[in-house]
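Each ligand, and each atom within it, is numbered from 1 in the order the structure gives.
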Amino acid sequence: MTPSRRRLTALAAATTLVLTATAGVAHAEVPPDAPEQIRNGDFSDGTSPWFSYGTDALAVTDGRLCTTVPGGLANLWDAGIGQDAVSLIAGAEYELSFDVSATPGSAVKAVLQLGSAPYTTYAEAGATATPGSVHVDKTFTAPADNPSAQLIFQVGGSADAQTICLDNVSLRGGEAAPPYEPDTGPRVRVNQVGYLPGGPKHATVVTDATDPLPWQLRSAGGTVVADGQSAPRGVDAASGQNVQTVDFSAFRTPGTGYTLTVDGETSHPFDISGALYDRLRADSLQFFYAQRSGTPIDGDLLGAAYARPAGHLGVAPNQGDTDVPCQAGVCDYRLDVRGGWYDAGDHGKYVVNGGIATYQLLNTFERTKTAETAAGGAGLGDATLRVPERGNQVPDVLDEARWELEFLLRMQVPAGQPLAGMVHHKIHDRNWTGLPLAPQDDPQPRELHPPSTAATLNLAAVAAQCARLYAPYDAAFATRCGTAAKTAYAAAKAHPAVYASAADGNGGGSYDDSNVTDEFYWAAAELWLSTGDQAYLTDVTASPLHTADVFAAGGAFGWQSVAALGRLDLATVPSALPAADRTRVRASVTAAADRYLATVREQAYGLPLPGDAGSYVWGGNSNLVNNAIVLGTAFDLTRDARYRDGAVQSADYLLGRNALNMSYVTGWGEQHARNQHSRIFAHQLDPNLPNPPAGSLAGGANAALQDPFVANLLAGCKPMFCYVDDINSYSTNEVAINWNSALAWLASFLADQGDAGAVPAARCAVTYTTHGSWTGGFTTQVTVRNTGPTAVNGWSLRWAFTGDQKVDTAWLAKVSQSGATVTAKNESYNAKIMPGASITFGLNGLTAGGPNPNPNLITLNGSACTLS
Ligand code: 9MR
Ligand code: 9MR
C-alpha cells in the first residue's frame with residue numbers, strides 16, 4: 001500500500017480507532033527520514049522474522065500477514081503475533097503505525113515491550129479491528145533504551161475464533177543501528193586450550209601481508225622456543241579474510257602459557273599437554289545431567305548454581321509430563337512420558353533428536369570395546385561423572401544415556417491402541433514460552449504429537465544398541481529394550497511413510513523429515529548387530545544406502561540424516577558380516593575420512609567443513625564435529641595417524657582457531673561462548689541464573705541468519721562471522737543435546753590420544769577361534785604369538801564381548817570379566833612368550849541368546865594385536 005493510500009485509510013478508519021495512551025506522551029514530530037526499525041513490515045519477504053504464539057501458523061495472504069486465533073482465550077495476551085530485536089533509544093521519538101483487520105471482529109493491542117519477564121511496556125496502541133482494515137498511528141517518546149525490544153500484537157481474548165491480518169507495520173524513529181563490530185582480539189588465532197605434544201599444531205594469522213612472515217613461539221617466561229616462517233594462504237572464503245598459516249607441530253615440549261607471535265600480534269596463551277582434554281570428556285557429558293527432565297538437579301553434584309527442582313512432573317504450575325494428552329484429534333489416550341533430557345534451550349522433548357544424542361553417548365561407550373586407544377575405558381567407567389547413579393557399578397555414561405532411553409521407551413504407542421508400536425514424534429508446550437523460564441515454572445499444557453516413522457525407527461535403533469550394551473549390567477532392561485526395538489521396527493515397516501509435518505512447529509521445533517530410508521538402514525543395522533538375526537541383515541543389504549556414499553561434505557550425519565550411523569557401526573561393531581562386505585564398509589569410512597582430511601588441509605582455519613555459506617548452517621558446529629568423528633573412527637579402524645591428527649586438528653576451530661577468535665565451548669579457552677540460548681541457563685537475562693555449565697557447545701556460525709536478533713545485526717556476514725554470543729540468537733547460539741553428544745564423542749576420543757605420539761607397530765598376532773557353539777553356550781580357543789623383537793614377560797590379554805556373553809570356565813589362563821570386558825592373564829607357567837613363540841588358552845562361555853561374533857580388537861598389555 002502506498003503512503004498516500006495509507007493516509008486515506010487512516011482518515012476513513014478514524015471513527016473506529018481507539019488509542020490507548022500509556023507510557024510516553026503523544027508527539028507530532030518524527031522526521032520524515034527517520035529510520036525504520038521494523039523488518040519486513042510489508043510482508044514482501046514472507047513471514048520471517050515474525051512469530052506467533054497461541055495462533056495457527058502465520059501465512060502471507062494478499063500481501064498481508066494473516067492467521068486464525070481460537071475463540072475463548074481468556075486474555076488479550078493469550079495469543080500474539082510479534083517480532084523481536086526492535087531497537088529503542090531512551091528519549092527518542094517514534095511513530096508506530098499499522099493496518100489490522102479481524103473477522104468477525106475483535107480488540108487488538110500492539111505493545112512494544114521487554115520480550116521477557118517482567119515484560120515492561122514501553123508503548124502501546126489498541127484498536128477495535130473489524131473485517132475492513134483499520135489504520136492505527138501513534139507517536140511516543142521511548143521511556144528506556146532497549147536494543148532488543150519486542151513488538152507484539154496481542155490478539156487473544158475474543159469469544160469467537162478470529163481471522164487476523166496485519167499490514168504496513170512500521171516503527172520509525174531513533175537511530176539506524178550502528179554496524180556491528182565483534183571484538184575479535186589478537187589476529188593470531190590458536191586453539192586457546194592447547195595442543196597435544198605429538199599432535200598437529202597449527203595457527204591462522206589474519207594479515208594484509210602476502211609474503212611469508214616470521215613467527216616466534218614463546219614459553220610462559222617469554223623465551224623464544226621455536227620460530228619459522230608462515231605460509232600465505234590468500235583470501236579464505238569462509239571468513240573473507242586474507243590469512244596465513246603457521247605450522248609448529250615439530251615443537252613437542254609440554255608446558256603451559258605458550259604464545260605465538262606473528263606480524264606484531266601475540267595469540268591468546270595455550271598449553272602443550274597430553275592431558276588437555278581429560279576434563280572436557282567429563283564436562284561435555286555433564287551437560288546431559290543439567291538438561292534432565294523429571295528429576296531435581298542436585299547442587300552438590302553439579303554446583304549450587306545449577307540446583308533446581310524437578311521439572312514437568314505434574315506439579316503445578318506444570319501440567320506434565322506424567323499424564324500427557326495428544327494434540328486435539330491425534331489420539332484419545334494419555335501417556336506418562338516423564339524423564340528424558342530437555343532438547344535444547346526449550347523444554348521440548350523430541351524423539352529423533354533424543355535418538356541421535358543417545359546413539360552418540362552409547363557409541364562413545366561402545367568405542368571402549370573396539371578402539372585401541374579407548375580400550376582401557378577408564379575415563380568412561382563408574383564414578384567418572386557427577387550423576388546420582390555414580391557408584392552403582394555401571395559406567396556413568398550408560399546411566400546418563402539410560403535417563404533418555406527410559407523416556408524414549410515411554411513415547412511408544414501402547415499395545416491395543418491404533419498404531420501400536422509406533423513412537424510419538426515429540427512432546428512439548430502447546431505454545432512457545434519466553435526466556436528465562438525454569439522447567440518447574442512452565443505453565444503451558446504439554447501435548448503428544450502424532451507418531452512418525454522416523455521417531456519409530458530412532459527408537460528401534462537406539463533400543464537395539466541398548467539391548468547389547470546393557471546386557472552385562474541389567475539383563476532385564478536389555479531385554480525390555482530388545483523387545484521394544486523389534487516391535488518398533490515391525491511397526492515402522494507396517495507404516496513406512498508417516499511423516500512429521502514441517503508446519504507442526506508452534507511451541508516446539510518441528511524436526512520434520514520426509515525421507516526415512518536412512519532411518520530404516522540405521523535401525524536395521526543396529527538390530528542386526530544386536531540380534532544376529534538374518535532378516536535384519538537382509539534389510540541392511542537390500543537398502544540402496546548400503547552401497548551409497550552416505551558421508552556428506554557438510555556433515556557426515558545429523559538428526560535428519562542417519563545412514564552414516566549405521567555404516568559406522570557396521571564398520572566398528574563385531575558381527576558376522578561377510579568379510580568382503582565388511583572390507584567394503586570399512587573402506588567407505590576411510591574414503592570419507594580422506595575427503596575430510598583434504599578439507600582440513602584446504603581450509604585456512606583447518607576445519608573439516610567446506611568454506612561455502614551452505615556449509616554454515618543451524619547447529620553447524622555439530623556437523624564439523626561429526627566429520628571429525630569419521631576421522632577418529634578411521635583412525636580407530638586403521639591406526640593411520642593422519643586420521644587421528646585430522647580429528648585432533650578439528651578441535652582447534654571449536655576452541656578458538658576461527659575468524660571470531662572464540663571458543664564455542666563454555667568454560668574452555670580464553671574467550672568462550674557463555675550466553676547460549678537457554679531458558680534454564682539464562683544468566684544474560686537474569687543475573688541470578690547461571691550461564692550454561694562448562695562443556696556446553698554453541699550451535700555456531702549459521703550463514704542463513706534464521707532468528708530475528710541476527711537477521712539485521714549480522715546481515716551480509718561472511719559464513720564464519722555469522723555468530724553472536726547473545727541469548728537472543730537461537731539460530732547461532734543455542735545449546736542442544738545432539739550437539740553436545742557430538743562434542744562428548746570427540747572429547748572422549750581426544751582424551752584417549754594422550755600425547756598423540758607415533759603409533760607403535762603391532763607386536764602380537766592373535767587367533768580367536770570359536771570351536772563350538774550351542775544354545776546358551778560356546779567354547780573358544782585363543783592363540784597369541786609374539787611378533788615383536790623382545791620377549792613378553794607377563795601378559796594380560798583384553799577384549800570385549802558384544803552383548804550378553806559371559807565367561808564360564810577357562811584353562812591355561814586366569815580369565816575374568818567386568819561388564820563386557822574380558823581379561824585373560826598368564827598362569828605362572830606360561831608368563832613368558834619369546835619372540836616368534838605362541839601361547840594358547842581356552843574358555844567356555846554362556847550366552848542368553850544374543851550373537852557371539854569374534855571380537856575385532858584384542859590388546860596385549862594395552863597394545864592392539866593383529867587378528868586372524
Ligand atoms: O526458544 C526457541 C528455540 O529453542 C528454538 O530453537 C527456536 C526455533 O524453533 O524458537 C525459539 O523460540 C522462539 C520462537 O520461535 C519465537 N518466539 C520467541 C521464542 C524465544 O526466542
Ligand atoms: O537443530 C535443528 C536444526 O537442524 C534446524 O534447522 C532448526 C530449525 O528447524 O531446528 C533445530 O532444532 C531446534 C528445535 O527445532 C527446537 N529445539 C531447539 C533445537 C536447536 O536449535
Side-chain angles (χ1 to χ4, degrees), residues 47-49 51 53 57 287 291 293 340-357 360 425-435 437 439 442 444 446-447 449 452 454-455 458 499-515 552 554-562 609 613-626 664 673 675-682 692 696-711 722-724 726-743:
T47 60
S48 175
F51 63 82
Y53 64 88
F287 174 77
Q291 291 285 111
S293 176
W341 304 310
Y342 298 117
D343 185 56
D346 60 329
H347 298 139
K349 303 191 292 192
Y350 312 88
V351 169
V352 295
N353 212 44
I356 187 169
Q360 287 198 295
H425 197 69
K426 52 181 189 164
I427 177 247
H428 58 70
D429 293 333
R430 184 179 294 165
N431 294 307
W432 282 113
T433 57
L435 279 69
L437 183 64
D442 176 9
Q444 280 285 320
R446 307 274 279 180
E447 291 174 333
H449 292 245
S452 71
N458 267 265
Y499 304 130
S501 161
D504 188 10
N506 195 27
S510 56
Y511 280 115
D512 54 303
D513 189 353
S514 51
N515 181 344
F557 48 86
W559 63 264
Q560 206 178 35
S561 51
V562 293
L609 203 64
S615 298
Y616 283 76
V617 299
W618 194 320
N621 276 346
S622 73
N623 289 341
L624 87 91
V625 175
N626 289 338
Y664 289 106
N675 293 316
Q676 288 98 325
H677 183 83
S678 166
R679 283 161 176 75
I680 302 176
F681 314 121
S696 300
L697 178 65
N702 172 12
L705 299 180
Q706 284 156 289
D707 65 72
F709 187 77
V710 291
C722 300
Y723 168 85
V724 63
D726 191 290
I727 195 165
N728 291 295
S729 179
Y730 50 80
S731 79
T732 77
N733 197 35
E734 192 157 351
V735 287
I737 54 173
N738 61 321
W739 307 339
N740 248 76
S741 61
L743 179 64

Polar atom proximity, [X] to ligand 2 (N or O, under 3.5 Å):
X	result
Asp343	yes
Asn738	no
Ser510	no

**Message:** Tell me the contacting part of Tyr342 for ligand 2: side chain, backbone, both, or neither, using a 4.0 Å heavy-atom threshold, strictly below.
**Reply:**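 Neither part.
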**Distance filter under 4.0 Å to Asp346 heavy atoms, resulting ligand 2 atoms** =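 Answer, ordered by atom number: 16 (C), 17 (N), 18 (C).
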**Request:** Can you measure from OG (Ser741) to CZ (Phe287) and round to the nearest 0.5 angstrom?
**Result:**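 CZ of Phe287 is found 9.5 Å from OG of Ser741.
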**Request:** Have a look at Tyr730, Tyr350, Tyr511 and point out the one with the heavy atom closest to atom 19 (C) of ligand 2.
**Result:** Tyr511
**Message:** Side chains of Asn733 and Tyr723: any donor to acceptor distance under 3.5 Å?
**Reply:** yes
**Message:** Could you check whether Tyr342 and Ser293, counting side-chain N and O atoms only, form a donor-acceptor pair closer than 3.5 Å?
**Reply:**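 The answer is yes; a qualifying pair exists.
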**Message:** Does this structure show an ion pair linking Arg446 with Asp429, if we count only N-O contacts that are shorter than 4.0 Å?
**Reply:** yes
**Message:** Once you measure the plane-to-plane angle for Trp559 and Tyr511, does it fall in the parallel (<30°), tilted (30-60°) or perpendicular (>60°) bin?
**Reply:** perpendicular
